[in-house]
Amino acid sequence: MRDGATGNASRHPLAVRQWDSLIAVNYAARPFGISRMLSATEARGKCPDIVLQHVATFREGEGGRWAYRDDSFRNIKTDKVSLDPYRAESRKILKTMKDALERWCTDESEPELYPLTRGLSAVLEKAGIDEVFIDLSPLIYCVLLRRYPELRPSPQDENKDALLPFPPTTALMWDPEDCLVELDKDASEEDDPDWDDIVMLVGAEIVRAVRNAVWEKLHYTCSAGLARNKMLAKLGSACNKPNLQTVVRNRAVQHFLGGYKFTQIRMLGGKLGDQITSIFGTEQVSDLLNVPLEQLRTKLDDSTASWLYGIIRGDDRTEVNPRTQIKSMLSAKSFRPSINSMGQAEKWLHIFAADIYGRLVEDGVLENRRRPRVITLHHRTVQSKSRQMHIPASNTIDENLLFDLAKNLLRQVVADGQAWPCSNLSLSVSSFEDGVGKNKVIEGFLLRGEQAKSLSYSIRPRDSESASSEQPPGKRKKVEDSGIKRFFLHSLVAKDPGFNVEDPAASDNEGLQAPPDQDPDFVNPEILEGQIEGAEYAQYTCPQCSKSIPEYEREEHDDWHFAKDLEIQDRQEARSMQQSRPANPATSRNSNTRGRGGREGKGKPEKGQMRLAFQ
DNA sequence: ACCAGGTGT
DNA sequence: GGACACCTGGT
């Protein structure tokens, strides 16, 4: 589990400026007392040398292209912030991390472990533009099996509750840079290590490798926290910034948490935290620990009470969600002097539409036929209001369409009541439909690895033809060079985890499964292969895409996944990882636990196993 | 389905 | 605080 704040390692004081305030401050500037929320003037007062870089902006009349401009801070009236550069860096970092993690799940040296570990991979959750949670459990499990053969399940080892062997009693060799949180009072560093400790040690090794990769490749430092759940990892990550990792061993949790204000715990930083503070007259976790559950229940509703009771004891069950494709895109502007007319508002709608459209294109969303179904306009005067509508499925999404829809929505809001003066306006698109739109036909077919290679060559020309014919002229080129290939590879694995191939006959019927309003020819039928050949051979169910393929094609199939991973954007990767979970071959029992959980019952300590002891 | 509101970076 | 993004709950 990991979480880190990344920061460029510049030694010169530097901050990112948005209008007159700072939104990010590097570590070199912090000793001067510079923090977020300071004004540019205040920052200069504290550190005359500081470099203040304004964020990129869109400018009225310059279309959808952002730029860094020397005078943007003076143009708050006409410019709109663009966070695109940060989104791009964020993607690079995630990709680097993902690649670094990947190396931990493949080990050719011990083929007998393949059935147990193949397909296991870490899950990454993007928690912010510069933060990520990583569930390392699957990787740690792999490493444990390799290093501690006594943990490998033996055939007669049916009993899930069978006791684990004792771990080796040799002292653990922590890296000098691992920051260990002091143990609870009832525990001692002299005690023999337990499996939980070893799990953390392995995790620390992996995370160090990930952080090193980020440094080597991108020159960002990052801090990390390792613990048994997200809440503890998050708290830990802040303990040793900017460039160290903090390990909260299970035997240290009580001591660690006891020193915090509960308002620093995730979900308690807002109104709920305030409410609890005033009810119980304290912000300290240690004080709240003395309050019995029954008493919490008298003051809070039941679910909140028991959640709170658990969370301050280190019990956080929230999963690391595999990042899915982006769920919404928003473009917004606050108006310092409020705006007062439809005409003024429309200018901004143009910029919003261009911004969002650019991001739709950049993210390859159009190429993938992933489109938002809903558009929403938010409007704030004294109160805030929002209106949304469906994006007509028949239209090609472009800037003008977005603008027209936005304008309609704005009219509705304006007609609705007090619309002026308006202090904030935003446009967003959401409800992304990733059913590859016109290519639903692909789902339900299986493309064999070998054929995938040859066919992807043979069909590419025609494929891109039909693809670009329905693209606006401006985007043809992009589709042709890399877009379609990406799309092609992606769409085969991205969608349906079940991946049914029950009706091979359907495969050579054009568009048999295509919804009536969709064009079945977008992907030529001949590239599809609905039949599994070699069914008489041993079958292998790919944990990544759930496809069932002959054993002898496994390697090739994996190569194919590997190539795909390199090509498609990280968010798309995350999606396929998510879908691979249920297909984990190791999941034999415990349908209510996750794939990795079901199996870890055997491989991990019975007490305090990573997050899974609870259920 | 629609909208409001809360939480986080 | 501004500009995001995500989630939940009420109707």
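Order of the sequence lines sets the chain letters (A, B, ...), proteins ahead of strands, with each chain counted from 1.
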Engineer: Within this structure, what is the NZ-to-C1' distance between A:K241 and B:dT9, rounded to whole angstrom?
Structural biologist: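 Answer to the nearest Å: 10 Å.
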Engineer: So if I take every side-chain heavy atom of A:W19 and compare against C:dG1, C:dA3, C:dC4, which nucleotide ends up nearest?
Structural biologist: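 Per side-chain heavy atoms of A:W19, the pick is C:dA3.
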Engineer: Calculate the interatomic distance between A:I265 atom CD1 and B:dG6 atom P; express it in whole Å.
Structural biologist: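 So the CD1-P distance, A:I265 to B:dG6, works out to 21 Å.
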Engineer: Would you mind reading off the distance between A:L272 atom CG and B:dG8 atom P, rounded to a whole angstrom?
Structural biologist: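 For the pair A:L272 CG and B:dG8 P, the rounded distance is 9 Å.
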Engineer: Are A:K126 and C:dC6 close enough that a side-chain N or O sits under 4.0 Å from OP1 or OP2?
Structural biologist: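 It does not, given that no N or O in the side chain of A:K126 lies less than 4.0 Å from OP1 or OP2 of C:dC6.
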Engineer: Name the nucleic acid region contacted by A:T376, choosing base, sugar-phosphate or nothing; use a 4.0 angstrom heavy-atom cut-off, strictly under.
Structural biologist: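 Nothing, no nucleic acid heavy atom in range.
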Engineer: In terms of side-chain heavy atoms of A:K271, which of B:dT9, C:dA5, B:dG6 is nearest?
Structural biologist: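 Shortest atom-to-atom distance from the side chain points to B:dG6.
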Engineer: Both A:S328 and A:R380 contact DNA chain C. Taking the nearest nucleotide for each, which residue is further toward the 5' end?
Structural biologist: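 With A:S328 and A:R380 compared, the 5'-side residue is A:R380.
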Engineer: Could you tell me how far apart A:D301 (CG) and C:dG9 (C1') are, to the nearest whole angstrom?
Structural biologist: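 Taking CG of A:D301 and C1' of C:dG9, I get 12 Å after rounding.
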Engineer: Nearest to the side chain of A:S384, which nucleotide is it out of B:dG5, C:dA3, C:dC6?
Structural biologist: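 From the listed options, B:dG5 comes nearest.
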Engineer: Under 4.0 Å between a side-chain N or O of A:R87 and OP1 or OP2 of C:dA5?
Structural biologist: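 For A:R87, the contact criterion (side-chain N or O under 4.0 Å from OP1 or OP2 of C:dA5) is met.
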Engineer: Please check this pair: side chain of A:K80 against backbone of A:A332, looking for a donor-acceptor N/O pair closer than 3.5 Å.
Structural biologist: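 Between the backbone of A:A332 and the side chain of A:K80 there is a qualifying donor-acceptor contact (under 3.5 Å).
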Engineer: Nearest whole angstrom, please: distance from the C1' of B:dT7 to the NZ of A:K230.
Structural biologist: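 Distance, rounded to whole Å: 13 Å.
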Engineer: Choose from B:dC2, C:dG2, C:dA5 the nucleotide whose nearest atom is closest to any side-chain atom of A:H390.
Structural biologist: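 Looking only at side-chain atoms, A:H390 lies closest to B:dC2.
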Engineer: Which of these nucleotides, C:dA3, B:dT7, C:dC6, is closest to any side-chain atom of A:A332?
Structural biologist: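 So the side chain of A:A332 is nearest to C:dA3.
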Engineer: Do you see a donor-acceptor pair shorter than 3.5 Å between the side chains of A:T263 and A:E283?
Structural biologist: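 A pair is found: one side chain offers a donor N or O, the other an acceptor, under 3.5 Å apart.
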Engineer: Is it the case that the side chain of A:Q245 and the backbone of A:L226 share a donor-acceptor pair, with hydrogens and angles ignored and the cut-off at 3.5 Å?
Structural biologist: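 Side chain of A:Q245 to backbone of A:L226: no pair is present.
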Engineer: For A:D79 and C:dA3, give me the distance from atom CG to atom P, rounded to whole Å.
Structural biologist: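 Result: 12 Å.
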Engineer: Would you check if the side chain of A:Q344 reaches a backbone N or O of A:N340 as a donor-acceptor pair within less than 3.5 Å?
Structural biologist: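 Confirmed, A:Q344 side chain pairs with A:N340 backbone.
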Engineer: If you check every side-chain atom of A:K234, which of B:dT9, C:dA3, C:dC6 has the closest atom?
Structural biologist: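 Of B:dT9, C:dA3, C:dC6, B:dT9 is nearest to the side chain of A:K234.
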Engineer: Closest approach to the side chain of A:Q388, judged atom by atom: which nucleotide of B:dC3, C:dA3, C:dG1 is it?
Structural biologist: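 Output: B:dC3.
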Engineer: Return the nearest nucleotide to the side chain of A:E131; candidates are B:dC3, B:dT9, C:dA5.
Structural biologist: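 So the nucleotide nearest the side chain must be B:dT9.
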Engineer: Without decimals, in angstroms, what is the distance between A:H378 NE2 and C:dC6 P?
Structural biologist: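 So the NE2-P distance, A:H378 to C:dC6, works out to 13 Å.
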Engineer: With a 3.5 Å cut-off and just heavy-atom distances, do the side chain of A:R266 and the base of B:dG8 make a donor-acceptor pair?
Structural biologist: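 No such pair is found, so the answer is no.
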Engineer: Hey, is the main chain of A:D71 close enough, under 3.5 Å, to the side chain of A:H54 for a donor-acceptor pair?
Structural biologist: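 Answer holds: no.
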